[in-house]
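Predicted, not measured: the structure shown is a model, and the values here were computed from it. What's counted below: heavy atoms across the whole structure, side chains too, no hydrogens, waters or symmetry copies. Below, chain A is the first sequence line, B the second, and so on; all start at residue 1.
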There are 2 protein chains.
Amino acid sequence: MNYEKYSIGQLAKKTACKVETVHYYEKIGLMPEPPRTEGGHRVYALPHVKRLNFIRRSRALGFRIEQIKELLKFIDEPNHYCGEVKAMAMQQASVVQEKIADLQRLQSALNEMIIQCSTGNKPVDDCPIVDALYTENVVGQG
Amino acid sequence: MNYEKYSIGQLAKKTACKVETVHYYEKIGLMPEPPRTEGGHRVYALPHVKRLNFIRRSRALGFRIEQIKELLKFIDEPNHYCGEVKAMAMQQASVVQEKIADLQRLQSALNEMIIQCSTGNKPVDDCPIVDALYTENVVGQG
DNA sequence: CTTGAACCTATAGTAACTATAGGTTCTATA
DNA sequence: TATAGAACCTATAGTTACTATAGGTTCAAG
């Protein structure tokens with residue numbers, strides 16, 4: 001029994017990914033060039049589905065394309081160990097932690113501005129938010 | 001007594017912004033076309049500094065260029081009230097809140113994967129992280 | 001008056017796709 | 001089996017918010 005075959009549209013549906021994105025991933029070398037029909041349509045099989053899932057899930061975790069290329073290299077090449085993958089995951093976790101901290105600072109700044117502007121019925125040149133944007137260092141570091 | 005004048009380089013330094021970015025903001029209509037010297041160099045004054053500060057700080061709060069155009073419209077045109085600005089700030093706060101929640105989910109997913117992969121000395125095809133990326137819905141919604 | 005830093009314009013590159021145009025193939029139905 | 005139209009193909013341009021480059025001109029200090 002053969003593997004099941006998928007058109008690019010079916011692959012896209014299975015992985016919640018657009019057809020154009022699959023084209024794009026092929027162009028940049030993340031996805032392999034698959035076999036084609038007589039007429040030139042791409043034909044995919046299960047390993048393609050799994051690989052594309054891997055890519056999309058890694059993207060959803062915030063990995064950049066270049067990082068995903070490295071992750072795939074660990075997988076495609078023999079003689080790699082789990083620790084290399086774990087290290088990248090930990091690195092990514094610290095990047096995400098930073099982003100969360102940035103956004104939380106930003107959120108405080110916005111909330112403070114909103115609280116200042118209690119009534120909302122002042123002319124714009126009296127607005128505390130506008131004032132803050134003009135004159136304050138709105139997003140602090142610490 | 002005249003206002004002080006600034007070259008584009010001085011303006012950039014005062015606002016922690018690159019010269020190219022000022023060019024860009026002028027091209028897209030965020031910054032006005034300033035007067036020029038005989039030789040064609042741009043000449044700025046204090047209102048330009050304040051406006052650019054406003055733009056940069058709004059960007060630091062995560063506002064998009066199109067939103068900043070609207071904020072500036074409130075300021076440039078008469079007859080706008082603080083409430084319009086406040087509404088945009090609140091809208092932005094909720095966008096930021098969403099992003100924080102997304103990143104926190106993402107962080108949990110990464111941490112769980114990292115914990116699973118305790119030793120780091122397994123071959124890659126036995127790695128729990130790789131396995132998760134291949135087969136799990138890594139970033140849940142709730 | 002000369003030198004070199006700073007400025008000028010215009011264009012291309014970045015990340016990670018998305019959208020469009022214009023044409024071909026596949027497949028379901030009459 | 002003929003055909004309509006959905007899905008596919010390639011190539012190119014657009015998106016966001018800049019950044020970088022090339023190739024030339026102006027300004028300011030010595």
Side-chain angles (χ1 to χ4, degrees), chain A residues 5-45 48 51-52 54-72 92 95 99 102 106 139, chain B residues 4-45 48 51-72 92 95 99 102 106 139:
Chain A
K5 306 291 181 187
Y6 307 101
S7 71
I8 194 169
Q10 291 167 327
L11 172 69
K13 193 162 284 175
K14 264 186 152 21
T15 54
C17 178
K18 300 199 173 169
V19 168
E20 293 81 14
T21 306
V22 182
H23 284 157
Y24 171 69
Y25 286 160
E26 182 179 320
K27 200 167 59 184
I28 64 173
L30 266 192
M31 288 292 289
E33 291 183 24
R36 304 273 186 137
T37 63
E38 299 270 292
H41 287 199
R42 289 168 179 80
V43 180
Y44 295 98
H48 297 106
R51 190 182 183 91
L52 186 50
F54 182 95
I55 294 168
R56 296 304 290 171
R57 285 172 182 149
S58 302
R59 289 287 300 128
L61 288 176
F63 286 98
R64 322 208 109 204
I65 298 276
E66 283 310 308
Q67 292 179 297
I68 296 174
K69 279 189 183 171
E70 291 193 40
L71 287 172
L72 286 169
Q92 178 60 13
V95 168
K99 279 189 193 169
D102 280 354
L106 196 160
V139 182
Chain B
E4 212 170 329
K5 306 292 181 186
Y6 308 100
S7 71
I8 195 170
Q10 291 167 327
L11 172 69
K13 193 161 285 173
K14 262 185 155 18
T15 53
C17 178
K18 300 199 174 170
V19 168
E20 293 80 16
T21 307
V22 182
H23 284 157
Y24 172 69
Y25 286 160
E26 183 179 320
K27 198 167 62 182
I28 64 174
L30 266 193
M31 288 293 288
E33 291 183 23
R36 304 276 185 134
T37 64
E38 298 271 294
H41 286 199
R42 289 168 178 81
V43 180
Y44 295 98
H48 296 105
R51 191 183 181 89
L52 186 50
N53 267 331
F54 183 95
I55 294 168
R56 294 305 290 171
R57 286 172 183 148
S58 302
R59 288 288 299 128
L61 288 176
F63 286 98
R64 322 208 108 205
I65 296 278
E66 283 309 309
Q67 292 179 298
I68 297 174
K69 279 189 182 169
E70 291 194 39
L71 287 172
L72 286 169
Q92 178 61 13
V95 168
K99 279 190 194 169
D102 279 355
L106 196 160
V139 181

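- Ranking dA16(C), dC9(D), dA17(D) by closeness to the R42(A) side chain, first place goes to dC9(D).
- Contacts between residues 62-71 of chain A and DNA chain D, defined by a heavy-atom separation below 4.0 Å, involve no residue at all.
- Remark: K18(B) is not in phosphate contact with dA17(D), judged by side-chain N or O atoms under 4.0 Å from OP1 or OP2.
- Checking the phosphate oxygens (OP1, OP2) of dT9(C), a side-chain nitrogen or oxygen of R36(B) falls inside 4.0 Å.
- Backbone-only engagement by I8(A) is indicated by non-hydrogen atom pairs under 4.0 Å involving sugar-phosphate atoms exclusively.
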Using atom names, set out every protein N or O paired with an N or O of nucleotides 10-14 of chain C below 3.5 Å, distance rounded to 0.1 Å.
none

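- Checked by atom type and distance alone, the side chain of Q10(A) pairs as donor or acceptor with a backbone atom of S7(A) at under 3.5 Å.
- Listed by chain and residue number, K18(B) satisfy the side chain to side chain contact (heavy atoms under 4.5 Å, CB included) test with E20(B) (two or more places apart in sequence, or in another chain).
- Within the structure, every side-chain polar atom (N or O) of T21(A) is placed at least 4.0 Å from both OP1 and OP2 of dA16(C).
- For H23(B), the listed nucleotide lying nearest its side chain is dT9(C); candidates were dA20(D), dT9(C), dC7(C).
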* To do: Indicate for each nucleotide in nucleotides 21-30 of chain D, in 5' to 3' sequence, whether protein heavy atoms under 4.0 Å reach the base (B), only the sugar-phosphate (S), or nothing (-).
  => -----SS---
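- Heavy atoms from other residues, nucleotides or ligands lying under 6.0 Å from NZ of K14(A) number 12 at most.
- Listed pair R56(B) / dC18(D) meets the phosphate criterion, a side-chain N or O lying under 4.0 Å from OP1 or OP2.
- Taking side-chain N and O atoms only, Y25(A) has no distance below 4.0 Å to OP1 or OP2 of dA16(C).
- Closest contact between the side chain of Y24(B) and the listed nucleotides dA16(C), dT19(D), dC8(D) involves dT19(D).
- Scored by the side chain to side chain contact (heavy atoms under 4.5 Å, CB included) test, P32(B) finds H48(B), R51(B) as partners (sequence neighbours excluded).
- An OP1 or OP2 oxygen of dC17(C) is reached within less than 4.0 angstrom by a side-chain nitrogen or oxygen of R59(A).
- Taking atom CD on E26(A) and atom C1' on dA16(C), their separation rounds to 17 Å, with Å as the unit.
- Evaluation of the side chain to side chain contact (heavy atoms under 4.5 Å, CB included) rule for Y24(B) yields I28(B) as partners, not counting sequence neighbours.
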